[in-house]
Amino acid sequence: MTDIIINIGYLVSAALFIFGLKGLTHPRTAVRGNLLGACGMLLAIVITLTDQNIVSFEVIVAGIVIGALIGLVLAIKIEMTSMPELVAAFNGFGGIASVFVAGAVLIENNLETTPPPLVQATVAIAASGLIGAVTFCGSLVAFAKLKGLVGDAAVLFSGQQVINAVLAILALALSAGVVMDPTSVFLYWLLVLVASALGVLLVIPIGGADMPVVVALLNSYSGLAAAATGFVLSNNVLIITGSLVGASGLILTKIMCVAMNRSLTNVLFGVLAPTGGGATADEVYAGKVKSTSPEEVALLFDAARRVAIVPGYGMAVSQAQHSVANLAALLEERGIQVDYAVHPVAGRMPGHMNVLLAEADVPYESLKDMDEINQYIDQIDVALIIGANDVVNPLARTDPTSAIAGMPIINVDKARTVVNIKRSLSPGFAGIPNPLFALDNSLMLFGDGKKAVLGIIAALKDT
Ligand code: NAP
């Protein structure tokens, strides 16, 4: 009877997770989705605690309090631009937890005089150790690269793929050893050691700029490790949540790869760099770039009916979202229709722009995705680009040898006038020049994103 109640409870929490994930697919329902997921997690924790009386409640409460405090401080202090590295750290903790839980169960099995564990359990122990250790060490490298603790350049050396292949084969052989001899704690820790080395070596050849994709993939691995640990502990809810994390991490990885027009193999084994065939910055810009001032931009707005604001990484860096929302409100007061054109990989993490604009209370109806705005971009009088570069670079359409060839972009070059706010002519993440800045209908407003927008607001109020 108790088992039935526990499993029904787990089923309810699994349903809450699924509805939570569904809610997270749209900004309007995201907060509710998050809340549903949190309720599911609370229910799962409460049921697990009442089900398994191995650890005393004092220890559990102490753990919850310490964990909640650390989580609270991190959530309050973390900058939005540092979110990918926080997620990388969380993935790593998930991975190492799986390693320790599976290791502890293996040691426990050795101490007990009960019959040997089933093959299903030993396979799960080996999988937890293998995937958990790869996730932990891979996530540590991703965290260090994103945080700038180590250089974010791709570390490449000859024979790298061969060494990785040898380590992968060794890790699989050790896993088979653990499955066949479930009393061998030594083999298990050797497996963890080899898998840790593999985790490091798999992530070091990936450049810092591709790290968000890798973090999404490691997120998926941490889910798989948790699901394996669910089999080790015979805990249904851990199996379900682990599988959900594993699957959603993979879907997110795929979405990011598609939006960057890159295959997963290219992200994992290739290096994003200019292919060498393209024009240099001098050839693209020399004598063709026109700079403008906030006052001139205000005059452009005076004559405009439709405006599209295109945010990018620079808006996040300069924290210009509130000023941008104020500018849009001012334009709307003057009868101008303002849309925000949001590219799926603008910024440095999925949904980066949506999160920042939601923080500034921009209404969801004003956010247009790339495909939608591209349909009527030629009717836009002024496209105001704030710190975006690659996601508006027409080379993606026109130069098949370019590093971003084929990446879907927001076609702002087809708008009547384009105003680019950025500090210089420096390239964006892909490291290539952007011919958009040299077009006849394009103007550069050089400066920090937030300051430039505040300048336009002041000039508009003066007119
Ligand atoms: P971007 O191509 O990296 O360009 C950002 C621009 O912002 C830079 O050219 C920089 O120029 C400008 N900038 C920086 N600080 C600024 C400031 N304080 N004020 C004003 N401008 C500032 O950014 P993006 O157009 O958003 O494209 C995102 C890129 O990241 C894409 O290539 C995408 O594939 C990649 N990526 C995205 C994700 C994701 O999940 N979103 C993940 C991995 C990779 P200045 O230095 O001249 O100011």
Side-chain angles (χ1 to χ4, degrees), residues 23-34 80-81 255 259 294 297-298 300-392 408-422 445 449-450 452-461:
L24 288 172
T25 56
H26 194 276
R28 198 188 301 280
T29 50
V31 175
R32 195 177 63 215
N34 211 2
M80 198 48 87
T81 43
I255 291 174
V297 178
L300 280 175
F301 283 140
D302 261 350
R305 305 262 34 96
R306 293 190 83 167
V307 168
I309 293 176
V310 188
Y313 178 60
M315 182 181 86
V317 176
S318 65
Q319 287 292 295
Q321 62 274 21
H322 293 281
S323 317
V324 168
N326 291 343
L327 171 62
L330 198 61
L331 294 175
E332 279 165 350
E333 269 172 31
R334 296 173 179 218
I336 300 171
Q337 186 185 330
V338 182
D339 291 326
Y340 292 80
V342 180
H343 191 285
V345 292
R348 289 294 181 270
M349 62 175 185
H352 202 167
M353 298 301 118
N354 299 68
V355 172
L356 292 175
L357 294 172
E359 187 190 312
D361 287 331
V362 170
Y364 302 131
E365 307 74 55
S366 305
L367 305 189
K368 308 289 174 203
D369 66 30
M370 175 174 61
D371 296 333
E372 192 179 351
I373 198 103
N374 275 345
Q375 285 173 15
Y376 57 87
I377 197 89
D378 51 350
Q379 293 162 35
I380 297 293
D381 297 311
V382 182
L384 182 68
I385 298 163
I386 299 163
N389 193 340
D390 295 343
V391 298
V392 291
I409 58 153
I410 299 175
N411 297 323
V412 278
D413 50 313
K414 298 186 178 166
R416 289 180 188 136
T417 308
V418 186
V419 176
N420 304 284
I421 298 178
K422 66 199 292 292
L445 181 54
K450 184 172 176 181
V453 174
L454 288 175
I456 299 174
I457 293 177
L460 268 173
K461 286 183 176 163

Checklist entry - How many angstroms lie between NE2 in H343 and CG in D369, if you round to the nearest 0.5 Å? => result 10.5 Å

Next on the checklist: Let me confirm one number: the CD1-CD1 distance from I373 to I380, rounded to the nearest 0.5 Å.
Outcome noted: 5.0 Å

Item to check | With D381 via side chain to side chain contact (heavy atoms under 4.5 Å, CB included) - residues at least two apart | outcome: A304, R305, R306, R416

Checklist entry - Which heavy atom of R348 sits nearest a heavy atom of H352, and at what distance? => result N-ND1, 2.9 Å

Next on the checklist: One pair to check against side chain to side chain contact (heavy atoms under 4.5 Å, CB included): V362 and V324. What are the steps and the verdict?
Outcome noted: CA-CA 9 Å; V362 170; V324 168; over 6 Å; no

Checklist entry - Under the side chain to side chain contact (heavy atoms under 4.5 Å, CB included) criterion, do M315 and L357 qualify, and how do the steps go? => result CA-CA 10 Å; M315 182 181 86; L357 294 172; 3.8 Å; yes

Item to check | Considering all heavy atoms, the nearest A346-G312 contact | outcome: CB-CA, 4.3 Å

Checklist entry - Looking only at heavy atoms, what is the nearest atom pair of G449 and A320, with distance? => result C-CB, 4.0 Å

Checklist entry - Got a second to check how far I409's CD1 is from N374's CG, nearest 0.5 Å? => result 7.5 Å

Checklist entry - Once you round to the nearest 0.5 Å, how far does CG of L331 lie from CG of D302? => result 9.5 Å

Next on the checklist: Please evaluate residues L327 and V338 with respect to the criterion side chain to side chain contact (heavy atoms under 4.5 Å, CB included), reporting the C-alpha separation (whole Å), side-chain torsions for both, the decisive distance (0.1 Å), and the verdict.
Outcome noted: CA-CA 10 Å; L327 171 62; V338 182; over 6 Å; no

Item to check | Intermediate values then yes/no, side chain to side chain contact (heavy atoms under 4.5 Å, CB included), F301 and L384 | outcome: CA-CA 10 Å; F301 283 140; L384 182 68; 4.1 Å; yes

Item to check | NE2 on H26 to CG on N354, rounded to 0.5 Å | outcome: 9.5 Å

Checklist entry - For E372, which residues count as a side-chain hydrogen bond (donor to acceptor under 3.5 Å, both in side chains) partner, sequence neighbours excluded? => result none

Next on the checklist: Could you work out, with side-chain hydrogen bond (donor to acceptor under 3.5 Å, both in side chains) as the rule, every residue matching R28, not counting sequence neighbours?
Outcome noted: none

Item to check | Within-4.5 Å side-chain heavy-atom neighbours: I421 and I456 | outcome: yes

Checklist entry - Considering only heavy atoms from C-beta outward, does the side chain of H322 approach that of K450 to under 4.5 Å? => result no

Item to check | Distance (rounded to the nearest 0.5 Å) between Y340 OH and M353 CE | outcome: 13.0 Å

